[in-house]
Colleague: 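Pasting a structure here, questions to come.
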Amino acid sequence: MNIHTSATPSPAPVLRVEGLSKQFEMHHLKRTLFAFENIGFELNEGEFILLKGENGAGKSTLLRTLYRSYLPRAGHAYYHTREGVIDLAAAADVDIALLRRREIGFVTQFLNARPRVAADEIVAEPLRLAGTPRAKALSEARRWLAAFGVKPQLWPAYPSTFSGGEQQKVNLARALILPQRLLLLDEPTASLDRSARRALVGRLAELKASGVAMIGVFHHPEDVAGLIDREIQLETIRIADGAEEDVAE
Amino acid sequence: MADAFFDGRTPAIRHRPPRLMTAAPILTMGGISRTYGDVQALRSVDVIVYPGEVLGIVGESGSGKSTLLRMMNLEDTPDAGTYHLALPGRVDDNLFTLDRFQRRMLRAHHIGIVYQNPHLGLLMKHSSSGNVAERLLIAGERNFAALRQRAREALDASEFPLTRMDARPSELSGGMQQRVQLAKAIALEPALLLLDEPTTGLDVSVQALVLDTLKTLQRDRNITMVLVSHDLGVIRTMADRVMVMRSGEVVEQGLADQIFQDPQHAYTQQLVHAKL
């Protein structure tokens, strides 16, 4: 039997997080630091979620846990890959590494690049790893460096000599040059000048329109006000007397 | 024996679900143990390496990391354990059963190595190109013009200045010697490149250049690498995954950023926090 429907298809899920918890075991202090408990949400294609909460509520920690720079203590993060569903909380490291190359991007304000590699080469690297020929990758990299306001005379220079703001622009160009399916945004606009912020928001809008799902923390949420679909409030874990609970013992 | 590092806080290694997308491992070692006299250098070590990745092995002196690398290069045989390399046309169950000649041929064709000490990897009185050609000769290349051309290509890929290809390694700086070792190691496009403290002893700027060459080779040729270093900065720059060793055992392994940002084991935390 054929079923015909004219209803608009609901957006495809990209990520479903269930009961995700994170704590840090600090062996030398014999202490446990609680970051967040029992987080759950869904994120669909083309959707933009803003994470809100006080300092220390675990916003950045949640993003790093989804990226698996941090190991979760409990829970699941079911990610819909192009090939099937994988639980980011439990997947093998090698699968996570593959997903990072192909589908999941982490955008932060900090540049962690190899020394003695030119800015345009750093930005072009994700494209080159994806198989783009060098000349084409470099040309695209320079286009993005220009869009973020990095002056052409800096393109062949080593970013380790740049100011913090310029390094951040290089980092953003690198992080956003290759379209991903899921972007984790950790305060990417912090300390950017106005034109670079405009370029970043423009690129994020472009990616969102193409179906990229995004979840992020923004120091100035008004920067991305036009992109936000939903907000998630993270609460600092507290004990009965109201003091912040960050130590288990 | 009580162990100060095990205080009950380290989570047990979790069950990993089946692979979704990845290729089969290129290197599989299981239960590798080795004792030298009274010293247990390796205690039932398991290693898996996937094609195209860089596995970093860290640990303090005496942790067994270089011994493990020597096992991978078939320079030594463990008391127990198996070693399998997924190579086209080969179906060895356990490479440790090969005799000396078979091991030499396997090394010549499929495994490259760069030692910390260039004297271990190079003939100091031969020319640099001659050192690379020697590797090609062992593998069966006999045509002089082809030897010269292939040596030139390997040196060029290792970013060695070709104007100096006839200089002896003894006339070169430490960084240049490492490039000759690298050229020799990659001349036959090995399935596996082993790096034993390849930048230790080099000054910082030369170190950065050698690491950049390695990273470029890995990106452009998709060479699988195992990198042993006590320098956490080198491991962090180079490795996709990291294995932490202590007293002949693997105490923790994970993605490089996870090991450095969220180390689980007490020893790894101590190691990472000690990084300058």
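Computation of the quantities below employed the complete heavy-atom set of this structure, encompassing side-chain atoms and omitting hydrogens, waters and symmetry-equivalent molecules. Quick note on labels: first sequence line is chain A, next is B, and so on, each numbered from 1.
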Colleague: Pick whichever of Gln207(B), Met238(B), Lys215(B) has the most heavy-atom pairs under 4.5 Å with chain A.
Modeller: Lys215(B)
Colleague: Hydrogens and angles aside, do His28(A) and Gln270(B) bring a side-chain donor and acceptor to less than 3.5 Å of each other?
Modeller: no
Colleague: Contact part of Asp220(B) toward chain A, heavy-atom cut-off under 4.5 Å: side chain, backbone, both or neither?
Modeller: side chain
Colleague: Kindly indicate whether a cation-pi arrangement holds for Arg100(A) with Tyr67(A), taking the cut-offs as under 6.0 Å to the six-membered ring centre and within 45° of the axis.
Modeller: yes
Colleague: Can you tell me which of Thr237(B), Asp212(B), Leu211(B) forms the most heavy-atom pairs within a distance under 4.5 Å of chain A?
Modeller: Asp212(B)
Colleague: Return yes if a side-chain donor-acceptor contact under 3.5 Å exists between Gln258(B) and Ser69(A), otherwise no.
Modeller: no
Colleague: Against chain A, label Gln269(B) side chain, backbone, both or neither, depending on which of its atoms sit under 4.5 Å from a heavy atom there.
Modeller: side chain
Colleague: How long is the span from the CG atom in Leu182(B) to the CG atom in Leu195(B), to the nearest 0.5 Å?
Modeller: 7.5 Å
Colleague: Using heavy-atom distances under 4.5 Å, tell me whether Phe24(A) contacts chain B through its side chain, its backbone, both, or neither.
Modeller: side chain
Colleague: Hey, could you give me the CG/CD1 distance between Leu88(A) and Ile104(A), rounded to the nearest 0.5 Å?
Modeller: 5.0 Å
